[in-house]
Amino acid sequence: MSVISRGFGGRGGASDPRVPPGQYVTHDFPVLSAGPTPYVDTDEWSLDLTDVDDSRSALSWTQLMAKPIEEFTVDLHCVTTWTKLGTTWRGVPVSAVLDDLDSEAEFALVHSYGGYTTNLPVEDLLDGKAWIVFEFEGEPLEPVHGGPARLLVPHLYLWKSAKWVNGIELRHDDEPGFWETLGYHEYGDPWLEQRYAGD
Amino acid sequence: MTPRIRWQRARLVDSRLETRRARTLVFDVPQWTGHDAGQHVDVKLTGEDGFTAQRSYSIASASTPGRLELTVQAVSGGIVSPYLVDAMQLGDELELRGPIGGWFRWTNELAEPVLLVGGGSGIAPLMAMLRQRLLAGSAAPFRLVYSARTPDHVFYANELHVISQGRRGVDVDLLYTRSGLPGDTRPPGRLVGDDLPLAAPDAEPTRVYVCGPNGFVENAARLLVDRGHQPASIRTERFGSSGG
Ligand SMILES: Cc1cc2nc3c(=O)[nH]c(=O)nc-3n(C[C@H](O)[C@H](O)[C@H](O)COP(=O)(O)OP(=O)(O)OC[C@H]3O[C@@H](n4cnc5c(N)ncnc54)[C@H](O)[C@@H]3O)c2cc1C
């Protein structure tokens with residue numbers, strides 16, 4: 001079906017190959033959150049890790065900072081159709097956090113302060129595809145954007161990049177997270193426009 | 001597998017101006033089966049040159065098969081909203097899909113008290129909840145706190161006036177940020193703690209829905225937590241990046 005909206009005109013210009021289908025470029029940094037912003041001190045912050053055998057460990061802020069830190073520039077794609085190009089972050093690759101566990105888990109359920117969760121295949125968290133970030137454009141990450149630390153998985157829609165991250169639960173099965181139980185896609189690839197369940 | 005939410009053809013059959021820069025658009029959507037109050041649709045516009053743009057808009061009407069209403073505020077320099085407010089004419093068509101959103105949602109069977117906190121165009125999904133409540137004859141106590149720039153910026157002004165006079169367990173508080181009415185006891189200004197009810201410690205927790213531009217939602221959600229509302233009972237929907 002192609003419905004033409006009479007009188008609606010484009011803005012000219014070639015489309016940018018960095019922008020996935022159905023997305024548009026914004027220069028702001030809009031916010032998508034289900035509830036109030038939690039405010040968490042780095043002194044209190046911890047990242048709880050649970051493996052498939054129920055073994056548990058935790059990483060404090062100081063321990064996180066002792067891991068290898070990377071600076072990188074990526075594009076962000078939100079399911080609400082904005083894309084933000086060339087954002088620069090500092091953070092610890094998730095592999096540096098998970099490799100010690102040497103887990104056989106296939107899936108991860110990521111937990112946040114405030115109760116938010118999101119699910120991903122473990123392979124999408126490893127090999128330089130995901131980070132625990134704490135600096136955006138040279139400044140400490142603001143609480144409204146997920147500070148003190150959030151997950152960043154730029155190749156998936158941004159709801160997978162859990163703000164206020166405080167746990168990674170490794171699992172054999174794929175347990176849907178918060179938005180995923182509320183009708184959003186289980187995987188969320190922006191290049192395939194996997195916005196909602198069934199897309 | 002969950003079936004895909006399909007794009008549907010929607011034809012503009014009626015419209016009214018809410019303010020000088022905001023318009024309610026009434027669409028005929030033959031295959032629309034209804035929605036829950038608070039949900040939104042994704043709208044897709046396609047120009048004759050093939051250019052397309054998608055944006056999300058909350059459904060402002062109560063659930064009716066075959067029909068829905070959106071209220072759109074024109075954002076200057078925007079691609080989609082100025083078309084919907086200024087250019088789209090009766091009989092013109094667009095595509096939409098939905099209903100979308102399982103969290104920012106109110107349904108008839110919920111009995112607990114509800115607090116709606118809206119800023120600017122963030123009133124749209126809250127109005128759907130109010131309308132749904134009245135349509136369903138629900139007895140859930142509702143209170144709306146609605147912040148607008150001036151009395152000229154209030155959407156649904158007549159309907160809200162009628163509702164506030166009806167004494168049907170619905171309270172409506174209008175607040176102005178820039179300038180109010182002569183005789184207002186509250187000086188104009190952004191939302192402050194005193195504008196919001198305290199959480200009643202022993203009563204059933206109030207379900208709170210906050211909607212508007214991000215700056216408004218951030219501020220309101222923080223004030224609500226300060227007023228004793230449980231973070232888990234506060235649901236937010238954020239429309240855009242700028243404050244207001
Ligand atoms: C779930 C959801 C529901 C929404 N419901 C409604 C609704 O019921 N009514 C409504 O009017 N809008 C609603 N919006 C906002 C809407 O989706 C668009 O963002 C808005 O109409 C602007 O689109 P545009 O194409 O005109 O502007 P764009 O071309 O996207 O942007 C143009 C300029 O305006 C700025 N801008 C973008 N959005 C906003 C904004 N909301 N406020 C201020 N500045 C902005 C941009 O940063 C940019 O500089 C909703 C958004 C979401 C995510």
Side-chain angles (χ1 to χ4, degrees), chain A residues 1-15 19-39 78-84 113-116 142-145 159 164 176 178-186 193-199, chain B residues 1-11 42-56 79-80 83-84 87-89 91-95 97-105 208 210 214 217-218 220-222 224-225 229 231-242:
Chain A
M1 174 174 66
S2 182
V3 175
I4 304 292
S5 296
R6 192 153 49 110
F8 178 66
R11 290 289 162 95
S15 64
V19 182
Q23 297 289 111
Y24 72 101
V25 175
T26 180
H27 301 285
D28 300 320
F29 196 165
V31 175
L32 174 77
S33 317
T37 297
Y39 291 82
C78 179
V79 69
T80 62
T81 74
W82 57 265
T83 282
K84 192 169 171 59
Y113 290 96
Y116 180 80
E142 288 176 56
V144 66
H145 293 302
W159 88 79
W164 316 297
F178 179 85
W179 291 114
E180 293 82 4
T181 46
L182 293 170
Y184 285 76
H185 198 273
E186 73 269 24
E193 267 204 277
Q194 294 173 336
R195 297 179 197 277
Y196 310 117
D199 276 355
Chain B
M1 267 298 278
T2 320
R4 185 165 195 270
I5 308 174
R6 284 186 318 109
W7 289 103
Q8 304 187 33
R9 182 184 282 264
R11 194 161 53 88
D42 281 0
V43 165
K44 179 154 81 178
L45 299 179
T46 306
E48 317 227 339
D49 54 359
F51 175 82
T52 76
Q54 277 182 48
R55 298 287 185 274
S56 300
I79 291 177
V80 171
Y83 173 79
L84 295 175
M88 192 173 199
Q89 293 178 21
D92 289 351
E93 293 184 309
L94 50 69
E95 284 170 277
R97 66 174 184 148
I100 294 159
W103 178 245
F104 199 82
R105 210 155 58 102
V208 189
V210 188
N214 185 51
V217 172
E218 263 314 287
R222 238 181 137 157
L224 285 158
V225 173
H229 294 272
S233 66
I234 304 172
R235 287 155 203 254
T236 60
E237 185 90 285
R238 299 159 197 252
F239 275 7
S241 48
S242 50

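In what follows, every chain begins at residue 1, and chains take the letters A, B, ... in the order their sequences are listed. Below, all heavy atoms of this structure are taken into account, side chains as well, without hydrogens, waters or symmetry copies.
For W179(A), the part sitting under 4.5 Å from any heavy atom of chain B is the side chain, from C-beta outward, and nothing else. Both the backbone and the side chain of E48(B) come within less than 4.5 Å of a heavy atom in chain A. If you measure heavy-atom distances from I100(B) to chain A, the contacts under 4.5 Å come from the side chain alone. With a 4.5 angstrom heavy-atom cutoff, S33(A) touches chain B via backbone and side-chain atoms both.
If you tally non-hydrogen atom pairs under 4.5 Å between each of V144(A), T181(A), T80(A) and chain B, the highest count goes to V144(A).
Between Y184(A) and W159(A), the ring planes are perpendicular. Angles over 60° get that label, and only those under 30° would be called parallel.
Side chains of H185(A) and R195(A) form no contact here, defined as non-hydrogen atoms less than 4.5 Å apart. A 4.5 Å side-chain heavy-atom check between Y196(A) and D42(B) finds at least one atom pair inside the cut-off. Taking the side chain as every heavy atom from C-beta outward, R55(B) and L84(B) never approach each other to under 4.5 Å. Looking only at side-chain heavy atoms (C-beta outward), R97(B) and K44(B) stay at 4.5 Å or farther from each other.
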